Student: 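Input: one structure, supplied below.
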Amino acid sequence: MAAQEIKVPDIGDFDAVEVIEVLVAEGDTVEKEQALITLESDKATLEVPSTVAGKITSLKISEGDNVSEGDVIAMVEAEDDSGSDDGDDDQAEGSDNESAEESDDSGDDTPEADDDSEDKEDAGEEEAKADDAGDGETVEVKVPDIGDFDAVEVIEVLVAEGDTVEKEQALITLESDKATLEVPSSAAGTLTELKIAEGDNVSEGDVIAMVQTAGGGSGKSESKSDDKASAPSEKKSAGGSAQADKATSDEGKKKKPESGTASQDDKPAPQADAAKPSGDDSSKLKSVDEERFGKAHASPSVRKFARELGADLGRIEGSGRKGRITEEDVQSYVKDALEQVQSGKSKGGAAAPAGGGGGVPTQPDIDFSQFGEVEITELARIRKISAKAVHKNWLLIPHVTQFDTADITDLEAFRQANKEKAKADGVKLTPLAFLLKASAAALKAFPDLNSSLTADGESLVHKKYVNIAVAVDTPGGLLMPVIKDVDKKGIYEIARDLDDVSARARDGKIKGSDMQGACFSISSLGGVGGTAFTPIVNSPEVGILGVSKHTMQPVWNGSEFEPRLILPLSFSYDHRVIDGAKAARITGFISEKLSDLRTLLL
Ligand code: CAO
């Protein structure tokens, strides 16, 4: 059984097109029509299929080679020699190269010549029609020879009615399972009518658009040259694709040697609702950025695969040669995305939305070492947990932060007066104990502040207890121990509890149960600094009070400026539960309690 040569088919005008992927290896058994290699030019990506079924005994090309029509790709030992008599099997003879070529040529050329001449005649008739129709200046731009593909999907319309188009400017992008290609305009002028839309299926000869040329002449010859490009061949998937490119200039070829297949940098954005490959769930594709997808570096079959899965090629990093996206890259991207949705985690331990999360972009995996020296240290366990929690809360809760101040001059005087005595009693008296007490009063006065939304978002669960969590900065990360029944405790008791939980948190001795059941949170950066910040609400709570460093400020008392100790308050709340006016009242209430401690007794 002699091995047969599988050659690069007719790929139009192109010479030396780069092999960007070799899809098979020596020893592989291939089916007839199975893609062997992928070629890529600036306007099309195409796969070259095997013309016979059998075993690859030798591969004659490798990735990065440049090939032209007639170059031998591989030697294949055909499974069935009897195929040599089959007229469809153009290389099944298994004899010498010339005879294979001859049979190939004779199989293709005769009808091709006929088709070609018919095309030319058609073109001539159409030009005459165009001439007759008006001033001889409106020409039909048609789908050129695209091999034996019928009903190829228009995945992008790159122009709109009224646009001025250049000759050779891409008008639409077609995508089949074997090729992605742009169809250029055969005439320069104004696009007066678009005859197709994204999602349509088109075949050779279908009219894409009407173009009004500046003069009648150009339309004629261009239309003719476009049709002349038709050259159906047996290896239609490859040759046909290239035919569409035939009308593109060499200049164009040099423009984007490494670019993706289907788009131009300056093309208009595709219509949002138009990218609906047949049979696909269009809702999945709404998150696909068509422009980026078009620019991605991937073969047609990988593009098709990505579209079927609703994966945005523009977001996928290619592991192939020169960053090319492979089918495995798409698979692992989709697998990661599914895992994220199921676990609420993104790759690398970064937090991702739980329960709400589709469509949240993942952090790209950047190699920072390309910019300078780097060192990677793993996040501490607590930081990983809190990162996940704050990310979820940030995404799930519509946050608003209300800023206010409290005049704590008298409070601080009271605290200072009692500080030493408290210390003697083993109590560290800081402003935070008073803030806890004032917040507890607010939770009692504003029941919605002491509530949680039910999971369906339809009701509020009002709590009759008042537990408040306090953010504690520990070496391992942020912890939120809870001080229970704050409303029932005095300042000393609250201060003791605070001291106890914060010390245990810092020493790593806090238990999970110490951090459960909070109704509200306080995050105090007063001992650190700053004037305001926007704390993140801890779901299922609906509010958190941020406290910054107090400062002495001049305050106008009606007749003069007085030095007053002013405490900045930053109250973040869940806007689904608390509206802005209520939030302003809540901060005003807390401010009032802190400004005059006596009101806490009322
Ligand atoms: N303005 C000025 N000084 C303040 C202050 C304020 N708002 N709040 C506290 N202080 C003072 C205290 O009075 C104390 O000074 P004295 O010893 O002279 O009284 C000093 O700052 C240090 O206080 P502290 O931090 O030890 O104690 P605290 O009760 O104020 O806070 C705790 C306890 C656990 C909340 C704090 O140690 C802590 O970890 N804070 C960081 C919280 C955090 O990281 N929040 C951000 C979370 S992300 O949203």
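Below, each value reflects all heavy atoms present in this structure, side chains not excepted, and no hydrogens, waters or symmetry copies. Both ligands and their constituent atoms are indexed starting at 1 by order of listing. These numbers come from a predicted model, not from an experiment.
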Student: Identify the protein heavy atom lying closest to atom 46 (C) of ligand 1, giving its residue, its atom name and the separation to 0.1 Å.
Tutor: Ser523 OG, 3.0 Å
Student: Might you check, step by step, whether the distance between atom 44 (O) of ligand 1 and some protein heavy atom is under 4.0 Å?
Tutor: yes
Student: Heavy atoms only: which of Ser524, Ser502, Pro431 is nearest to atom 12 (C) of ligand 1?
Tutor: Pro431
Student: Numbering the atoms of ligand 1 from 1, which are under 4.0 Å from a heavy atom of Asp473?
Tutor: 39 (O), 41 (C), 44 (O)
Student: Assess, by modelled atom type and distance only, whether the side chains of Ser451 and Asp448 contain a donor and an acceptor separated by less than 3.5 Å.
Tutor: no
Student: Using the ring of each side chain (for Trp, its six-membered ring), is Phe520 parallel, tilted or perpendicular to Phe571, with breaks at 30° and 60°?
Tutor: tilted
Student: If we count only N and O atoms by modelled type, under 3.5 Å, do the side chains of Thr409 and Arg564 hold a donor and an acceptor together?
Tutor: yes
Student: Look at atom 32 (C) of ligand 1 and find which of Arg506, His550, Glu412 reaches it with the closest heavy atom.
Tutor: Arg506
Student: Using heavy-atom distances, let me know which of Val472, Leu565, Thr430 sits nearest atom 30 (O) of ligand 1.
Tutor: Thr430
Student: Mark up the atoms of ligand 1 that fall under 4.0 Å of a heavy atom belonging to Leu478, in ascending order.
Tutor: 44 (O), 47 (C), 48 (S)
Student: For atom 22 (C) of ligand 1, what is the closest protein heavy atom, and at what distance to 0.1 Å?
Tutor: Gly527 CA, 4.3 Å
Student: Which atoms from ligand 1 have a heavy atom of Leu432 less than 4.0 Å away?
Tutor: 29 (O), 31 (O), 33 (C), 35 (C)
Student: Using a strict 4.0 Å cut-off to heavy atoms of Leu567, name the atoms of ligand 1 that fall inside it.
Tutor: 7 (N)
Student: Distance under 4.0 Å to a non-hydrogen atom of Lys428: what atoms of ligand 1 satisfy this?
Tutor: 24 (P), 26 (O), 27 (O)
Student: Side chains of Leu525 and Phe533: closer than 4.5 Å at any heavy-atom pair?
Tutor: yes
Student: Answer side chain, backbone, both or neither: which part of Leu525 comes under 4.0 Å from ligand 1, heavy atoms only.
Tutor: side chain
Student: Decide whether Ser595 and Asp407 meet the rule of one side-chain donor and one side-chain acceptor closer than 3.5 Å.
Tutor: no
Student: With sequence neighbours excluded, what pairs up with Arg504 under the salt bridge (charged side-chain N to carboxylate O under 4.0 Å, His left out) test?
Tutor: Asp500, Asp514
Student: Is Lys428 salt-bridged to Asp499, cutoff N-O under 4.0 Å?
Tutor: no
Student: Does a donor on one side chain sit under 3.5 Å from an acceptor on the other, for Ser521 and Glu541?
Tutor: yes
Student: Checking contacts now, so for atom 3 (N) of ligand 1, which I'm interested in, is there any protein heavy atom under 4.0 Å?
Tutor: yes
Student: Within the 4.0 Å heavy-atom shell around Arg415, which atoms of ligand 1 are there?
Tutor: 13 (O), 19 (O)
Student: Give a yes/no verdict on whether any heavy atom in Ala433 is under 4.0 Å from an atom of ligand 1.
Tutor: no
Student: Which of the numbered atoms in ligand 1 are below 4.0 angstrom from a heavy atom of Lys419?
Tutor: 16 (P), 18 (O), 19 (O)
Student: Is it true that the side chains of Ser439 and Lys593 contain a donor and an acceptor less than 3.5 Å apart?
Tutor: no
